[in-house]
Amino acid sequence: NGTWEGCSSLASFPLLNTSNVATFDATWRNCIALASFPLIDTSSATSLNAAWAGCSSLASFPLVVTGGVLDFTDAWNGCSGLTSFPLIDTSSGTVFNSTWNGCSGLTAFPLIDTSAALDLSTTWNGCSGLTSFPLIDTSLVTTFNTTWDACSGLTSFPLINTSAGLTFIQCWENCTNIPTIPALDLSAATDLTDAFNNMFALTSLEATGMAVDMSVQNTALPAVALDIIYNNLATVVGQTIVVTGTPGSGADTPAIATGKGWTHVA
């Protein structure tokens, strides 16, 4: 853990025998001069927490063995030079906090196995080069805070399983080019703070079951789209929906929302 952390002039790394190493936490963090990395043996690894975080010169990464890794927190956080990423085995991973946060050079992302994932907080935050995203398995995920925040290059978003999702704070905020959020199940959500704010191209939000305060400020939602949102709201007591800065505000039908117990703010 932390063995070569901050070795900022290290330009290459040898193929050491790491077959017995279980934790690689911060091992090469902030080795900013590394432009490539060897195919080391990570078959015993259970944690890659911040292993290559801040290695901003890495342009590619090898297909290392990660089938036993539980914790991928910050593993490639800030690796802004990566232009592609391999289909590593993430089937055991439960925590992916900030794993690819700030990997702005990625233009595509593989269909990794997230079937065991519980937390995707900030996982792809700031991946502004991505134009699309795969239909990953999010059936167990409870935390989606800032997961795709500032993924400004995305022009579409898939119908992922959000039925277990509890918190979505700033989840898609600043995804400025997504036109449609599909019929995501948000009925279990306990916090939708700023989840959809500043989605300037958003003209359709088809999510269902919302029962907590939410906002669609500074979106392109027309009146008909706002009414669809109101119809998809749950019946509540004392919750607020904010539609300030939407072109449809004023031509919509707020009574649909207020009739379900919502306070409507335009």
Practice task
Start with the C-alpha gap between Thr219 and Gln217, add the side-chain angles, then the distance that decides, and say whether side-chain hydrogen bond (donor to acceptor under 3.5 Å, both in side chains) holds.
Solution key: CA-CA 6 Å; Thr219 62; Gln217 291 185 81; over 6 Å; no
Practice task
Go through Leu159 and Leu184 one step at a time and tell me if the side-chain contact (heavy atoms from CB on, under 4.5 Å) criterion holds.
Solution key: CA-CA 6 Å; Leu159 183 58; Leu184 305 175; 4.0 Å; yes
Exercise for the section: Take Thr162 and Phe168, measure what side-chain contact (heavy atoms from CB on, under 4.5 Å) needs, and give me the verdict at the end. Expected result: CA-CA 10 Å; Thr162 53; Phe168 295 83; 4.0 Å; yes
Exercise for the section: Apply the test side-chain contact (heavy atoms from CB on, under 4.5 Å) to residues Leu192 and Met210: give CA-CA distance (whole Å), side-chain angles for both, the deciding distance (0.1 Å), then the verdict. Expected result: CA-CA 8 Å; Leu192 291 170; Met210 294 79 73; 3.8 Å; yes
Exercise for the section: Determine, stepwise, if the pair Thr23 / Asn1 fulfils side-chain hydrogen bond (donor to acceptor under 3.5 Å, both in side chains). Expected result: CA-CA 7 Å; Thr23 59; Asn1 294 345; 3.1 Å; yes
Exercise for the section: Please lay out, stage by stage, how Phe96 and Asp119 fare under the test side-chain contact (heavy atoms from CB on, under 4.5 Å). Expected result: CA-CA 6 Å; Phe96 293 86; Asp119 191 338; over 6 Å; no
Exercise for the section: Could you walk me through whether Phe13 and Trp4 pass the ring-ring contact (aromatic ring centres under 6.0 Å, His included) test, one step at a time? Expected result: CA-CA 10 Å; Phe13 196 81; Trp4 296 279; 4.7 Å; yes
Exercise for the section: Could you walk me through whether Ser152 and Thr176 pass the side-chain hydrogen bond (donor to acceptor under 3.5 Å, both in side chains) test, one step at a time? Expected result: CA-CA 5 Å; Ser152 55; Thr176 54; 4.8 Å; no
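Annotation: the span from Asp185 atom CG to Asn161 atom CG amounts to 7.5 Å, rounded to 0.5 Å. The CD1 atom of Ile229 lies 5.5 Å from the CD1 atom of Ile241; values are rounded to the nearest 0.5 Å. Summarising the geometry, atom CD1 belonging to Ile181 is positioned 7.5 Å from atom SG belonging to Cys175; distances are rounded to the nearest 0.5 Å. Note that the CG atom of Asn125 and the SG atom of Cys151 stand 7.0 Å from one another [nearest 0.5 Å]. Of the inter-residue distances, the one linking Phe200 atom CZ with Ile178 atom CD1 reads 13.0 Å to the nearest 0.5 angstrom. The distance from atom CD1 of Ile228 to atom CD of Glu206, rounded to the nearest 0.5 Å, is 6.5 Å.
Looking at Ile88 and Leu63, their side chains come closer than 4.5 Å, going by heavy atoms from C-beta outward. Two residues are said to be in side-chain contact when any heavy atoms from C-beta on lie closer than 4.5 Å; Thr167 and Phe144 fail this criterion. No side-chain heavy atom of Thr240 sits less than 4.5 Å from a side-chain heavy atom of Met214. Contact check for Thr246 versus Leu226: side-chain heavy atoms found under the 4.5 Å cut-off. At least one side-chain heavy atom of Val243 sits less than 4.5 Å from a side-chain heavy atom of His264. Taking the side chain as every heavy atom from C-beta outward, Asp191 and Leu166 never approach each other to under 4.5 Å. Residues Trp124 and Asn101 have side chains not in contact (no heavy-atom distance under 4.5 Å, counting atoms from C-beta outward). With a 4.5 Å cut-off on side-chain heavy atoms, Leu205 and Phe196 count as touching.
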Table please: side-chain donor-acceptor pairs of residues 49-62 below 3.5 Å, with sequence neighbours left out.
from	atom 1	to	atom 2	distance (Å)
Asn49	ND2	Asp71	OD2	3.3
Ser57	OG	Ile32	O	2.6

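In this structure, Thr138 contributes its side chain and Ile160 its backbone to no donor-acceptor pair below 3.5 Å. At least one donor-acceptor pair closer than 3.5 Å links the side chain of Asp252 to the backbone N or O of Gly250. Without hydrogens or angle criteria, Ser92 side chain to Leu70 main chain gives no donor-acceptor distance under 3.5 Å. Listed for the Thr155 side chain is a donor-acceptor partner under 3.5 Å among the backbone atoms of Thr131. Thr122 places no side-chain N or O within donor-acceptor distance of the main-chain N or O of Thr147, the cut-off being under 3.5 Å.
Criterion: ILVMFWY side-chain heavy atoms under 4.5 Å apart, direct or through other members. Under it, Val265 and Leu221 are not part of a common hydrophobic cluster. Using a 4.5 Å cut-off between side-chain heavy atoms of Ile, Leu, Val, Met, Phe, Trp and Tyr, with links allowed through other members, Val212 and Val216 fall into the same hydrophobic cluster. At a threshold of 4.5 Å between side-chain heavy atoms, the hydrophobic network of Ile, Leu, Val, Met, Phe, Trp and Tyr places Leu16 and Phe24 in one connected group. Leu233 and Ile256 fall within the same hydrophobic cluster, where Ile, Leu, Val, Met, Phe, Trp and Tyr residues are linked whenever their side-chain heavy atoms come under 4.5 Å apart, directly or through other members. Clustering ILVMFWY residues whenever any of their side-chain heavy atoms sit less than 4.5 angstrom apart, transitively, puts Val69 in the very cluster that holds Leu39.
Annotation for Asp89 and Phe72: closest pair O-CZ, 4.1 Å, computed over non-hydrogen atoms. Taking every heavy atom of both residues into account, Thr66 and Leu48 meet most closely at CG2-CD1, 3.9 Å. Contact record, Ser44 with Ser19: OG-O, 2.6 Å, taken as the closest heavy-atom pair. Ala211 and Ala234 make their closest contact through CB-CB, 3.9 Å (heavy atoms, listed as atom of the first residue, atom of the second, distance). Taking both residues in full, the closest heavy atoms of Lys260 and Asn231 are given as NZ-O, 2.7 Å, listed atom of the first, atom of the second, then distance. Closest of all the heavy-atom pairs between Pro134 and Pro110 is CG-O, 3.5 Å.
For the ring pair (Phe, Tyr, Trp, His ring centres under 6.0 Å) criterion with Trp100, the lone passing option out of Phe109, Trp148, Phe133 is Phe109.
Inspection of the Ser215 and Asn197 side chains reveals an N or O donor paired with an N or O acceptor under 3.5 Å. Using a 3.5 Å distance cut-off with no hydrogens or angles, the side chains of Asp227 and Thr253 do pair a donor with an acceptor. Between the side chains of Asn145 and Ser121, no donor N or O sits under 3.5 Å from an acceptor N or O.
Less than 6.0 angstrom separates the ring centroid of Phe37 from the ring centroid of Trp28.
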